[in-house]
Structure formats: structure tokens, C-alpha cells
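Positions are given from 1, in the same order as the sequence printed here.
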Amino acid sequence: MKKLLRISKMKKAVAIALSLCIVLSCAVLTANAIKNVRLTDGERKLVLQTYTTSTGKILSQANVTLDFADEVKRKESDDTIYIEVLRAFPVHIMYHNMEHVEFVTGGTVADVLKTADIHLSVDDVINVSGDTEVYDGMDIVIDEVKYITKTDEKSLKHDTIYKESSEYPQGYEEVVDKGKNGKSEITTTYKYVNGEFHSISGKVEDIVTKPESKVVLKGTASVSEVSSFDAPVSDTVSKNSGVSSAGTIKGMSYSKVLTGSATAYTASHGALTSTGVPAYVGGVAVNPNIIPYGSKLYIEADGYTYGYATAVDTGGALMSGTALVDLYMSTYDECINFGRRNVKVYILS
């Protein structure tokens with residue numbers, strides 16, 4: 001009986017000891033499970049204690065909601081968990097006139113372009129440098145700029161030089177050099193932005209061939225300075241020509257009008273007239289005793305206007321009186337077509 005009582009007391013002592021050990025162990029475990037948390041969410045800062053180590057549960061306990069592009073950074077020390085919430089913000093990218101929006105929490109322009117899978121080419125021009133830190137609402141503009149060069153030819157018109165000569169009468173003109181147009185190349189650089197014409201960025205003109213001047217010989221000698229053809233007046237002149245009084249024609253004054261018969265002639269290039277000047281259109285043959293050499297004339301025939309002329313030549317028909325005037329023309333066919341016609345010769349004042 002005494003032995004049983006002693007065993008019972010020993011069991012109670014062991015039970016009490018075990019209970020104390022469990023209580024002490026729980027207290028130790030509980031103390032070790034509590035964590036201090038320092039949470040930063042923009043300007044919001046929280047300090048709290050928690051038994052969980054899950055970041056998601058800690059954010060839920062702090063009533064922090066994340067958007068799709070937000071980021072969370074976490075680090076720990078022995079008894080403290082540090083959590084920082086990085087809120088995403090929009091960065092606007094205008095790439096070749098196409099708009100993109102990237103939500104980021106920070107970084108540089110180069111980082112954002114990499115995230116957007118945009119790769120710059122040698123023709124791209126960006127409004128900010130790649131190492132610039134991005135910020136909320138930032139605008140990044142990337143334009144494709146190309147320069148296209150085109151070369152065009154341009155004709156350079158020649159000028160005309162008049163060379164005066166006292167060897168020829170006034171009114172005489174002869175082209176001694178036809179001249180030649182030149183040529184230049186115009187190189188134009190056009191600027192295109194995003195495939196559309198923007199402006200002309202440069203224009204350069206280079207002369208390839210210089211123009212050569214047209215040279216015209218112009219007579220300056222007066223009537224008295226031109227040698228005359230001395231021949232007697234034919235009695236037949238009065239039969240083939242008439243004289244009328246002075247007036248005006250084509251706005252120019254004339255002293256008299258002779259009427260009679262007209263013929264036409266031509267000559268080889270360089271052929272000389274009776275006054276020593278080369279034959280030319282506008283230089284006509286006359287009887288110098290009726291129409292002195294160097295006289296300024298205006299000539300009209302039946303159905304034909306020869307126009308302004310100068311008396312520079314003569315011939316047998318003129319001296320014999322069978323014709324009043326012989327008109328110089330460029331070709332034989334023109335002479336045949338003209339034939340013989342009645343004519344009015346206005347002696348200009």
C-alpha cells in the first residue's frame with residue numbers, strides 16, 4: 001500500500017515537469033515567430049508585426065493592392081523584413097509616328113526601349129539620350145530621318161554679243177558665231193521624316209559646260225562712208241516706178257514711196273555685195289542713183305511683206321530699169337516662189 005502511494009506521487013511530479021517544459025517551449029517558439037515589418041509604399045510608410053513571412057500575406061495584412069506592372073522589393077535582417085512597393089507609371093513612346101505606352105517603375109530610356117522591343121537604327125533621331133532616367137508621363141520621340149539626293153540637268157542659255165564694225169553700213173547684221181548653250185547639274189538634298197517629305201536641306205549647282213556667246217556683227221558706217229555704185233540713170237526707170245508723197249508706215253516716217261517691179265535673188269555664203277558687205281537677208285539690190293546705198297527701206301509686194309531693208313547691192317536689171325528692187329532671200333526656192341511682183345518701196349526718213 002505504501003509502495004503504490006509513492007508511485008502515484010512520482011507520476012504527478014513527472015506530469016507537472018512535462019507541463020512546465022511544454023509551456024516554456026511554446027513561449028520560446030512564440031517569441032521567435034514574431035517579425036517586425038517596415039513597409040514603404042510611395043509616401044506611405046508602415047511598421048507592423050506579423051507571424052507570417054509571406055510577402056503576399058504581409059501586403060494583404062497592410063491593405064496594399066498591386067497593379068499589373070507594380071514591383072515589390074524585399075530584404076531581411078535577423079528580426080526585420082523590409083518591403084518596398086514600386087508603383088508603375090506610364091512612359092509615352094512615339095516611334096515613327098506610332099504611339100506606344102510602357103508602364104515601368106524606373107530605369108533609363110535605354111531600359112524602356114529594350115522592354116518595348118524597340119531597336120534604333122542609324123536613321124533614327126531620338127529627343128533624349130539613352131542614359132536619361134525616366135519619369136511619370138515622360139514623352140520619348142523617335143523619328144526616322146532620311147536624306148535623299150537627286151541630280152537634275154539645267155540648260156544655261158547663251159547671251160548675245162554685238163560687235164560693231166565701220167566696214168559695214170548701218171542696219172547690216174551678220175551672225176558670225178551662233179553660240180552654244182551650256183549645261184549645269186543641280187544636286188538637291190531632300191529631307192524625309194518618317195517617310196514623308198519634310199524640307200529641302202541643301203541645293204548645289206555645278207556648271208558642267210559653260211555657255212558660248214552668240215556673236216553678231218553690226219554695221220555702223222553711215223551712207224556717205226559706204227562706197228557707191230556709179231551708174232547712169234536709165235530712161236526705163238520712169239516706166240517701171242512711180243513716186244508718192246511722204247507719210248508714215250508701221251509707226252516710222254518715210255520721205256517718199258517708189259512703186260515698180262521686184263525680183264528676188266540669193267547667193268552663196270560669204271558672197272559680197274556691191275558695197276563690199278556680205279549678202280544677207282534684209283540687204284537688197286537697187287539702182288543707187290535712184291535709191292542711194294545705205295538707204296533704210298520698208299518693202300511690201302503683192303501678197304508679200306519683205307519688211308525693213310537696207311540698200312547694199314545692185315545689178316544689171318536694176319541699172320537697166322527692168323526692176324526697181326531685187327530682194328535677197330536665203331534659198332533659191334524662196335526666190336522662185338516670189339518670182340516677179342509689183343512692189344512698194346518706202347524710203348524711210
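Listed by chain and number, the residues in a side-chain contact (heavy atoms from CB on, under 4.5 Å) with Thr105 are Glu71, Leu86, Ala88 (sequence neighbours excluded). Remark: Glu43 engages no residue in a salt bridge (Lys or Arg N to Asp or Glu O under 4.0 Å) (not counting sequence neighbours). For Thr331, the side-chain hydrogen bond (donor to acceptor under 3.5 Å, both in side chains) partners at least two apart in sequence or on another chain are Glu334. Shown here are the side-chain hydrogen bond (donor to acceptor under 3.5 Å, both in side chains) partners of Thr132, two or more places apart in sequence or in another chain: Ser129.
Cluster membership for Met138 and Met98, using ILVMFWY side-chain heavy atoms within less than 4.5 angstrom, is shared. The cluster map of Ile, Leu, Val, Met, Phe, Trp and Tyr, joined by side-chain heavy atoms under 4.5 Å apart, puts Tyr147 and Phe197 in different clusters. The cluster map of Ile, Leu, Val, Met, Phe, Trp and Tyr, joined by side-chain heavy atoms under 4.5 Å apart, puts Ile148 and Val145 in different clusters. When the side chains of ILVMFWY residues are joined at heavy-atom separations under 4.5 Å, either directly or via intervening members, Met94 and Val109 end up in two distinct hydrophobic clusters. Linking ILVMFWY side-chain heavy atoms closer than 4.5 Å, directly or via other members, places Tyr265 and Val286 in a single hydrophobic cluster.
Counting all heavy atoms, side chain and backbone alike, Ile83 lies closest to Ile58 at CD1-CG2, 3.8 Å. Summarising the geometry of Ile347 relative to Leu258, their closest heavy-atom pair is CD1-CD1, 4.3 Å, with the distance given to 0.1 Å. Closest approach of Ser320 to Ala317, counting heavy atoms only: OG-O, 3.1 Å. Between Ser77 and Tyr82 the shortest heavy-atom distance is OG-CE1, 4.0 Å. Contact detail for Ser255 and Ser349: the closest heavy-atom pair is N-OG, 3.4 Å. Residues Thr115 and Glu102 share a closest heavy-atom pair of CG2-OE1, 3.8 Å.
A donor-acceptor pair under 3.5 Å links the side-chain atoms of Asp313 to the main chain of Ser274, judged by distance alone. Side-chain N or O atoms of Tyr254 include none that pairs as donor or acceptor with a backbone N or O of Val345 at under 3.5 Å. Side chain of Asp123 to main chain of Lys146: no donor-acceptor pair is present (N/O by atom type, distance under 3.5 Å, no hydrogens or angles). Checking side-chain atoms of Tyr306 against main-chain N and O of Gly282 turns up a donor-acceptor pair under 3.5 Å. No side-chain donor-acceptor contact under 3.5 Å links Thr187 to the backbone of Thr151. Between the Asn194 side chain and the Glu144 main chain, a donor and an acceptor come within less than 3.5 Å of each other.
Listed by first and then second residue, the salt bridge (Lys or Arg N to Asp or Glu O under 4.0 Å) pairs that reach into residues 180-189 are Glu153-Lys183, sequence neighbours excluded. For the salt bridge (Lys or Arg N to Asp or Glu O under 4.0 Å) condition, the pairs that include at least one residue of residues 76-100, sequence neighbours left out, are Asp41-Arg87, Asp70-Arg87, Arg74-Glu76.
Ring-centre distance between Phe338 and Tyr304: below the 6.0 Å cut-off. In this structure, Phe89 has its ring center no closer than 6.0 Å to that of Phe103.
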Discussion item. Is there a side-chain contact (heavy atoms from CB on, under 4.5 Å) between Tyr293 and Val312? Walk through the geometry before answering.
Written reply: CA-CA 5 Å; Tyr293 288 138; Val312 296; 5.7 Å; no
Worksheet item: Can you list the steps and then say if Ile249 with Val257 is a side-chain contact (heavy atoms from CB on, under 4.5 Å)?
Response: CA-CA 11 Å; Ile249 185 167; Val257 182; over 6 Å; no
Discussion item. Walk me through whether Leu324 and Thr259 qualify under side-chain contact (heavy atoms from CB on, under 4.5 Å).
Written reply: CA-CA 8 Å; Leu324 175 63; Thr259 59; 5.7 Å; no
Item to complete: Please report the C-alpha distance between Lys296 and Thr310 in whole Å, then the side-chain angles of each, then the deciding distance to 0.1 Å, and finally whether the side-chain contact (heavy atoms from CB on, under 4.5 Å) criterion is met.
Response: CA-CA 5 Å; Lys296 300 300 181 182; Thr310 303; 3.5 Å; yes
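Within a 6.0 Å radius of OH in Tyr308, other residues, nucleotides and ligands contribute more than 12 heavy atoms. A 6.0 Å sphere centred on CG of Leu272 holds more than 12 heavy atoms belonging to other residues, nucleotides or ligands. The neighbour count for Arg340 CZ, taken as heavy atoms of other residues, nucleotides or ligands under 6.0 Å away, is above 12. The neighbour count for His92 NE2, taken as heavy atoms of other residues, nucleotides or ligands under 6.0 Å away, is above 12.
Donor-acceptor pairing under 3.5 Å is recorded for the side chains of Asp124 and His96. For the residue pair Thr275/Thr273, the side-chain donor-acceptor check at 3.5 Å is satisfied. Asn36 and Gln49 form a side-chain donor-acceptor contact under 3.5 Å, judged by distance and modelled atom types alone.
Contact annotation: the side chain of Asp326 never approaches that of Val284 to less than 4.5 Å [non-hydrogen atoms, C-beta and beyond]. Using a 4.5 Å heavy-atom cutoff, the side chains of Val64 and Val72 are not in contact.
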